[in-house]
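See structure below.
Order of the sequence lines sets the chain letters (A, B, ...), proteins ahead of strands, with each chain counted from 1.
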Amino acid sequence: MKRYDPSKIEAKWQKIWQNEKPYEAVDFDDARPKIYLAEMFPYPSAAGLHVGHVRNFTIVDVLTRFYGQLGYNVMRPFGYDTFGLPAENYAIKTGTAPQAVTTENIANFRNQAQRLGYAIDWSREISSSDPEYYRWTQWIFARLFERGLAYQKESDQWWCPVDKTVLANEQVEAGKCWRCGAEVEKKTMKQWFFKITAYADELLDNLDDLDWPDKIKTMQRNWIGKSVGAEIDFVIANEAKQSSGTTAGSLRVARDDGEIITRDDAIITVFTTRPDTIFGATFMVLAPEHHLVKQITTDQQRQKVNQYVEQTQKKSDIERQENKQKTGVFTGAYAINPATNEKIPIWVADYVLANYGEGAIMAVPAHDERDYEFAQKFNLPIIEVIKPQLSKTDLKNSIWTGEGIMVNSMQFDNQNSGTAREKIVKWLSKQGIGREKVNYRMRDWLISRQRYWGTPIPIAYDSKGQPHLIPDNQLPVLLPGVEDYKPDDSGRSALAKADDWPKVTIDGQEMTRETDTMDGYADSSWYLLRYADPHNTKRAFDAKKIDFWNPVDIYAGADHAVAHLLYVRFWTKFFADEGLIGFREPVKKLIYHGYVNAPDGQKMSKSKGNVIDPLDIIDNGYGADTLRTYEMFMGPMDQDVAWDIASVGGVFRFLNRIWNLTQDFIAQPNDKVDNELRRAQHKTVKKVTGDIKRLSLNTAIAALMEYLNTLAKNPKRINRENIEVLLKLLAPFAPHMANELFEQLGNKTVIDNAGWPEYDEKLTEDEQTTIAVQVNGKLRGEIKTARDASKTEVKTAALELENVQKFTDGKTIAKTIYVPNKIINLVPTD
RNA sequence: GCGCGAGUGGCGGAAUUGGUAGACGCUGCAGACUUAAAAUCUGUUGAGGUAAAACUCGUGAGGGUUCAAGUCCCUCCUCGCGCACCA
């Protein structure tokens, strides 16, 4: 008898798959349904595949093979996210050119992916640092530029002092760089942005219809952070000379110190989501960076205010976030509350953020917790304008921030705050001092990176510093080889140091190239389209091919909940608006799986020395089939799981038993149909099919184990069909073994083409069913009956059970609940 | 603080629609084979209880709805993740 030796059979089948290319997708094949599956393409690190990749790729592989067996025209491509910081940092560390490192790492990744037996369409392999790819990333930049969706702006940006580049908001996590963890700094620089905010509403609204995990959708909603409210103008009041009045067109107001300021400077606009509470606005607060702070501050308060502003500017954002104690200073100035016409003081405090809304608020301490805290601390008046429709006991110590009935609000009294809100906005807008306003927390996507290893931004500047697109026919703007690509503190990438490269002639004009490169997320925002037409040299992609394959049916990943998955949605919407594609969402179903952690539950990391190398597992004799099956079996897909080598052994034993069982059958074949095994077989087909469809892969494998246990108990009664069905169901998880044994059984076709087994619903049910017998809801016994047994029959049989009689003796049955084939519950009178 | 998840044996987990809690795997224990070990195979493995059964308890805690609750409702605790002064 042959022994199970994974190394032999896996090498054999991998070679066959490489030579015969059975997993290439067919464009425009209408005879079969199509399905497009993809994983988030990996950064090919020098360390090779890790167990997390294996989980990610195997999930997609199981589905690829499953749908393939079901007869689908499956596209499952593969690619590499090669541009970006990790590759460049690695190149710097090892003193090799990023180009060379990348080529080497791709070869390694490809080789390792093949050693795992993935059913990849290798004809569609792409990598983002390939000029044939980034040429089109540049082309897309140009289209965005033409529509005003790529623009330049000078502003404060997050700068990572370690990676020496600016970062997008999405790449700053709790004030730290997402890559290296260094605390980021503010730096004023002129940078390129993509105007993702133009799509804010659609990005938010379309989330509702996506078959994505709620967790991701919630994160994206929070990130977009839509707030519907109003802008309201407050006029700055003058204590001493109230009556300086207006002159034509502009309001002129005198300040305490006598200086006259014009209307533009005399208005503070605020954003609020609760205009209904305006009658309770008893003070105003400006962010320390607000442009009016200097002008309105009175001489008396000037020193204190300056000191406070200086102090907060010195603090990093982290420090500002850490200290939740309210601080602030009175400016000495007042504004008029337009609803009450009362004079209210204007304060400066860092709890108001400069970069959201107007950087100024009307403070309603009775109905906002932060304002309340501030008012308590500085003894500012609190006026209640909304009465909750609840008993007061609920709010003893806190203030009411919900809806309610308006009070102290003149003509709006006794109305519901929700309806009053709209009326107040109308009332204010009639007076020209208020308007509806929607604000978003999301900012535009900053894409400039002061690093070498990225897609060059296809822009050049004329002598006046005006940006011009590099014409399409001069694309790609090739990344030149340079000697020294290390980043520095100059705020410019290494490309600025490349001798002649920045010089370019466009339309006969001498210009200077942009030397920053694009954020790597730009590259990954359209690769799911390129897969459908990976070798097109005339355009980014052919609309007909996109139309055939895209959007992606199932996309699997474990990271990038906000950044990548928001950007790729943004670009898809842009492409649709450009008429390049016919859909507005890139991914129908998203699988967001958990991490594979070290045995102690900690994250695997080189520094902790707890990294499990998947290739070691293969080479130690377990083989790729065991590794793949184990990673699918270790727990539900969406959960984090800890590595457990003992369980790897359990899965190996499972496969080994299938091997031995099949060898025994080959030695002593049997043709007879055994009813019990046939039923077990059909039951298993139903269960495994259903489980794979609902992505419950761990229970699908458990069902295969159960089926194997049933077969192994009756080795003599197993027939060919029993075994072949087992192998077909196993094939997505352990394709090498399934193919090998299927062949050993004498089949001429490979198992991939042998179809997915079907089941007969009637055969998935036992002829006899076991019915649990309860008395008063407690289990007292079991009876076996025919499937179609009537309630009366079952009841009679149940009442005959000795153990049931013990609990029903001398009592009458008041109620009988019967769930066919499941349970009967007898409820006696007391 | 707010939002979203989750809490089930010694461990990972299962229970898809309110219907027999603990599938499947690991570990442990006992046995077979072996000079021995590994491998393999068989049995067993929630707690209490019993010679064996019966029976009692049991899905984070407490209450509720129901013939019936891991599952639904209320209150609370713990952990994880996300957001974090966004007006």
Side-chain angles (χ1 to χ4, degrees), chain A residues 3 173-174 213-223 225-227 229 270-274 277 281 285 287 320-326 349-353 355-364 367-371 373-374 401 439-442 561-562 594 599 630 633-636 638-651 653-654 656-657 660 687 690-691 694 696 698-709 712-713 770-782 802-803 806 813-828:
Chain A
R3 294 193 53 173
E173 293 167 353
D214 284 337
K215 187 181 151 193
I216 308 297
K217 296 210 248 184
T218 306
M219 281 169 76
Q220 295 209 350
R221 278 189 196 105
N222 290 341
W223 185 262
K226 182 178 182 173
S227 292
V270 301
F271 173 71
T272 177
T273 54
R274 295 298 299 274
T277 62
V285 186
R320 275 168 81 161
Q321 281 167 13
E322 270 167 5
N323 184 12
K324 293 280 168 84
Q325 286 288 317
K326 295 279 175 294
D350 68 359
Y351 82 91
V352 173
L353 306 175
N355 58 0
Y356 183 79
E358 298 293 325
I361 61 156
M362 65 175 207
V364 186
H367 305 292
D368 182 280
E369 280 174 39
R370 297 150 303 183
D371 298 344
E373 213 183 297
F374 196 81
T401 56
N439 263 329
Y440 299 93
R441 195 181 304 204
M442 182 171 69
V562 173
Y630 166 65
F633 181 60
M634 64 198 302
D638 51 351
Q639 271 179 38
D640 290 354
V641 282
W643 189 265
D644 177 19
I645 193 67
S647 295
V648 177
V651 171
R653 267 196 291 280
F654 162 62
N656 198 33
R657 288 174 71 207
N660 291 336
K687 171 79 177 153
D691 280 358
R694 71 183 176 106
S696 180
N698 56 329
T699 56
I701 294 166
L704 290 175
M705 289 172 168
E706 255 182 285
Y707 179 47
L708 172 68
N709 290 342
K713 275 197 188 108
T770 308
I771 291 179
V773 181
Q774 295 182 340
V775 179
N776 238 337
K778 293 206 171 184
L779 185 67
R780 297 300 176 194
E782 287 181 351
E802 199 183 326
N803 212 17
K806 231 160 82 183
I813 304 298
K815 202 170 175 182
T816 306
I817 293 102
Y818 176 51
V819 184
N821 301 315
K822 284 234 162 102
I823 202 162
I824 183 160
N825 187 12
L826 308 168
V827 185

Is A/F654 touching bases, backbone alone, or none of the nucleic acid, heavy atoms closer than 4.0 Å? nothing
Is A/Y351 close enough to B/A87 that one of its side-chain N or O atoms is under 4.0 Å from OP1 or OP2 there? no
If you check the A/F633 side chain, which of B/C67, B/A87, B/C24 turns out closest? B/C24
N or O in side chain of A/R657 less than 4.0 angstrom from B/C41 OP1/OP2: yes
Counting side-chain heavy atoms from C-beta on, which of B/U20, B/C57, B/C81 comes nearest to A/K778? B/C57
Nearest to the A/F271 side chain among B/A87, B/A23, B/C85, which nucleotide is it? B/A87
Of the listed nucleotides (B/C26, B/A54, B/G13), which one gets closest to any side-chain atom of A/K806? B/A54
Of the nucleotides B/U20, B/G19, B/A87, which has the atom closest to the A/T770 side chain? B/U20
Nucleotide of B/A87, B/A54, B/U20 approaching A/N803 most closely (side-chain heavy atoms): B/A54
Once you round it to whole Å, what is the distance between P of B/G25 and CD1 of A/I645? 18 Å
Please give the distance between the P atoms of B/G62 and B/C77 as a whole number of Å. 15 Å
Tabulate atom names and distances for all N/O pairs under 3.5 angstrom spanning the protein and nucleotides 15-18 of chain B.
residue: B/A15; atom: OP1; partner: A/R694; partner atom: NH2; Å: 3.3
residue: B/U16; atom: O4; partner: A/K687; partner atom: NZ; Å: 2.5

Of the listed nucleotides B/G19, B/C26, B/C81, the one nearest the side chain of A/I817: B/G19
In whole Å, what is the span from the CD1 atom of A/I823 to the P atom of B/A69? 10 Å
